[in-house]
Amino acid sequence: MKKIAILERTNFSGRQMQELKAHFIVDTFDNLSQEEANKIAPAYDVVIVNWLDPTPFLLKMKKGSLVALLSTGYGWITNLKEAHDKGVFVANIPGYSTEAVAEHLLALLLGITKNIFPTLNKQDNHSVGVELSGKTIGIIGLGNIGYRFAEICNFFGANVITYNRHQKNTPLAQDVSLDELLKKSDIICVSCSVNESSKNLINSKNIASIKKGAILIGSTWGIISEDALISGIEKGNIGAIAFDAALEANDEKIENLIGDKIYLTPHIAYNTEESEQRQLDICVENIISFINGNGKNIVN
C-alpha cells in the first residue's frame, strides 16, 4: 500500500483522514524542521506541505510521487521543471481563499480610508476619512482575487481600472496600461502573485507616476520595490500602505514608517474557517485524483 506523509500540523477532519486512509498508510508529523523534512520526504509516495519548502527534497523523491501543497502559490519552488521532467509532481490549491483575501483587502482599505488604523494606534490624527464611492481604484492582477475585489469595489460605487499582462475585457474593470493606472488611481490594489515578471513592477522608474496621496493595498509583498516605497512616501505620491505580508526588509526607514504610513497584517488574509475547509477538501481531492491517474491542479 502506498504511503503518505503529512509533514506539518493540519486540521484534516475525520472524514478527510478516512478518505486518505482508504488509499494510503498515513503518517503524520508535527513541528519538523526543514532539515528533518528533507530526510523524511523521499521515503513517501505523497507528501503534504504548507510552510516547509519542497525544493531541497523534490528531486530526491521517487518517480511518480506527488508533493501536495496546502497553498495556492508555488513560486518559491525553484526546481519545479526539473522535478516534473523526472516524473515528480506538485499540486497546488487554486481559488480556495479568494473570498477571504478579497474581504481582507477591503478591511485594509477601510482601515486607512476611515482612519481606523491611526485611531487604534493612538496617533494624533485629526484628518477626516474619505468615501470609496466615486474613487478610481486600480487593480494590478485581475485573477480570482482581483476579480472578486473588483466586484466589491463596484458595489461601493468606485470606478475600477485594471492592469494585466493580458487584457481581461470584463465589464467590471477597464483595461489600461500600468502607467495610466498609476496616474489615475486614488487607490492601488496589488493582487497578482510575485514572480519574475511582476517583482518590483512598481519601482524607482515609475513611482513618480503615482497620483499624489494614493493609497496602496495588497496581499503580496514584493510587487513594489522597497526603494520606490520609501521614495513614494517621502515625496507624497503614496499617502499610506496596507499589506497582508510579513515585512522582510531590513531597511530602518521602512521599519520606522510602520504604524505611521505603513500598516501590515502578518499574512493572515486567507485564514478563515470556510477557506480552511475548502483548502483541505481540495488537497484531498488533488491526492485522490492523482493516484487515480487524473492529476488535478498539477503545476509545472
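Bear in mind that the values here come from a model prediction, so they are computed numbers and not experimental data. Values below: every heavy atom of this structure, side chains too, minus hydrogens, waters and symmetry copies.
Defined by atom type and a distance below 3.5 Å, a donor-acceptor pair is missing between the side-chain atoms of Glu234 and Ser231. Side-chain contact check for Ser219 and Asp244: no donor-acceptor pair (N or O, by modelled atom type) lies under 3.5 Å. Under the 3.5 Å distance criterion, with hydrogens and angles disregarded, a donor-acceptor pair is assigned to the side chains of Asp53 and Thr55. Residues His104 and Thr265 have side chains that bring a donor and an acceptor to within less than 3.5 angstrom of each other. In this structure, a donor-acceptor pair under 3.5 Å is absent between the side chains of Asp30 and Thr28.
Counting heavy-atom neighbours within 6.0 Å of Lys86 NZ, excluding the residue itself, gives a total above 12. Atom NZ of Lys114 is surrounded by more than 12 heavy atoms from other residues, nucleotides or ligands within 6.0 Å.
The closest donor-acceptor contact from the side chain of Ser198 to the backbone of Ser193 lies under 3.5 Å. Listed for the Asn294 side chain is no donor-acceptor partner under 3.5 Å among the backbone atoms of Phe290. Without hydrogens or angle criteria, Asn297 side chain to Ala91 main chain gives no donor-acceptor distance under 3.5 Å. A distance-only check finds a donor-acceptor pair linking the side chain of Ser177 to the backbone of Glu180 [under 3.5 Å]. Checked by atom type and distance alone, the side chain of Asn206 never pairs as donor or acceptor with a backbone atom of Ile202 at under 3.5 Å. Remark: the backbone N or O of Gln167 is not paired with any side-chain donor or acceptor of Asp175 at under 3.5 angstrom. The closest donor-acceptor contact from the side chain of Ser191 to the backbone of Gly141 lies under 3.5 Å. For the pair Asp45 (side chain) and Lys2 (backbone), a donor-acceptor distance under 3.5 Å is absent. Within the 3.5 Å criterion, the main-chain N or O of Leu172 finds a donor-acceptor partner in the side chain of Asn154. With Glu82 contributing its side chain and Leu59 its backbone, the two residues share no donor-acceptor pair below 3.5 Å.
The nearest pair of heavy atoms linking Thr272 to Ala100 is CG2-CB, 3.6 Å. Residues Trp221 and Leu229 approach most closely at CH2-CD1, 3.6 Å, considering heavy atoms. The minimum heavy-atom distance linking Ile288 with His23 is given by the pair CD1-CD2, 3.3 Å. Contact between Arg148 and Ala102 at its shortest, heavy atoms only, is CG-CB, 3.6 Å. The two atoms that bring Gln16 and Val284 nearest to each other are CB-CG2, 4.1 Å, heavy atoms only. In plain terms, the two heavy atoms of Ala242 and Leu108 that are nearest each other are O-CD1, 3.7 Å.
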Under the side chain to side chain contact (heavy atoms under 4.5 Å, CB included) rule, what do Glu99 and Glu103 come out as? Steps first, then yes or no, please.
-> CA-CA 6 Å; Glu99 194 67 34; Glu103 290 180 4; 3.2 Å; yes
Starting from the C-alpha separation in whole Å, work towards a yes-or-no answer on side chain to side chain contact (heavy atoms under 4.5 Å, CB included) for Asn50 and Thr10.
-> CA-CA 9 Å; Asn50 191 7; Thr10 62; over 6 Å; no
Evaluate side chain to side chain contact (heavy atoms under 4.5 Å, CB included) for Ile223 paired with Asn200, printing each intermediate quantity in order.
-> CA-CA 5 Å; Ile223 306 301; Asn200 296 335; over 6 Å; no
Step-by-step side-chain hydrogen bond (donor to acceptor under 3.5 Å, both in side chains) determination, Asp179 to Ser209 = CA-CA 7 Å; Asp179 188 61; Ser209 297; 3.2 Å; yes
Take Ser13 and Asn11 through the test side-chain hydrogen bond (donor to acceptor under 3.5 Å, both in side chains) and record every step on the way to the result.
-> CA-CA 6 Å; Ser13 67; Asn11 291 320; over 6 Å; no
Evaluation steps, side chain to side chain contact (heavy atoms under 4.5 Å, CB included), between Ile161 and Lys184 | CA-CA 9 Å; Ile161 58 179; Lys184 289 185 174 180; 4.2 Å; yes
Could you please spell out the steps behind the salt bridge (charged side-chain N to carboxylate O under 4.0 Å, His left out) verdict for Arg15 and Asp281?
-> CA-CA 10 Å; Arg15 172 187 59 79; Asp281 277 339; 2.9 Å; yes
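Counting heavy atoms from C-beta outward, Leu178 and Leu201 have side chains that approach closer than 4.5 Å. Under the 4.5 Å side-chain criterion, counting only non-hydrogen atoms from C-beta, Asp27 is not in contact with Ile4. Residues Tyr147 and Thr170 meet the side-chain proximity criterion, which asks for heavy atoms closer than 4.5 Å. Using a 4.5 Å heavy-atom cutoff, the side chains of Ser197 and Arg165 are in contact. Using a 4.5 Å heavy-atom cutoff, the side chains of Phe149 and Val160 are not in contact. Residues Asn286 and Ile93 meet the side-chain proximity criterion, which asks for heavy atoms closer than 4.5 Å. Phe24 is not listed as a side-chain neighbour of Lys3, based on a closest heavy-atom distance of 4.5 Å or more.
Atom CG of Asn92 and atom NZ of Lys296 lie 12.0 Å apart (nearest 0.5 Å). If you take CZ on Arg9 and CG on Asn31, they are separated by 5.5 Å, rounding to the nearest 0.5 Å. In this structure, CD on Glu274 lies 13.5 Å from OH on Tyr96, to the nearest 0.5 angstrom. Note that SG of Cys189 and CD1 of Ile139 are 5.5 Å apart. Values are rounded to the nearest 0.5 Å. Atom OG in Ser225 sits 11.0 Å away from atom NZ in Lys205 (nearest 0.5 Å). Atoms OH and OG, from Tyr270 and Ser71 in turn, are 10.0 Å apart once rounded to the nearest 0.5 Å.
Both Phe155 and Ile187 are members of a single hydrophobic cluster when ILVMFWY side chains are connected at heavy-atom separations under 4.5 Å. Hydrophobic clustering of Ile, Leu, Val, Met, Phe, Trp and Tyr side chains at less than 4.5 Å, counting indirect connections, keeps Val130 apart from Ile241. Under the 4.5 Å side-chain heavy-atom criterion for grouping Ile, Leu, Val, Met, Phe, Trp and Tyr, Ile268 is not connected to Trp51 through any hydrophobic cluster.
The aromatic rings of Tyr263 and Phe117 sit tilted, their planes meeting at an angle between 30° and 60°.
Between Lys39 and Glu36 there is no salt bridge, since none of the side-chain N atoms of the basic residue sits less than 4.0 Å from a carboxylate O of the acidic one. Using a cutoff of 4.0 Å between basic side-chain nitrogens and carboxylate oxygens, Lys211 and Asp186 are scored as salt-bridged.
Each of Leu105, Leu132, Asn115 was checked for a side chain to side chain contact (heavy atoms under 4.5 Å, CB included) with Leu110, and the lone residue meeting it is Leu132.
Other members of the hydrophobic cluster containing Tyr74, listed by chain and number, are Leu7, Phe29, Leu32, Ile40, Tyr44, Val47, Val49, Leu52, Phe57, Leu58, Met61, Val67, Leu69, Trp76, Ile77, Leu80, Val88, Val90, Val299; membership follows side-chain contacts under 4.5 Å among ILVMFWY residues, whether direct or relayed.
For residues 131-145, the side chain to side chain donor-acceptor pair (under 3.5 Å) pairs, not counting sequence neighbours, are Thr136-Asn159.
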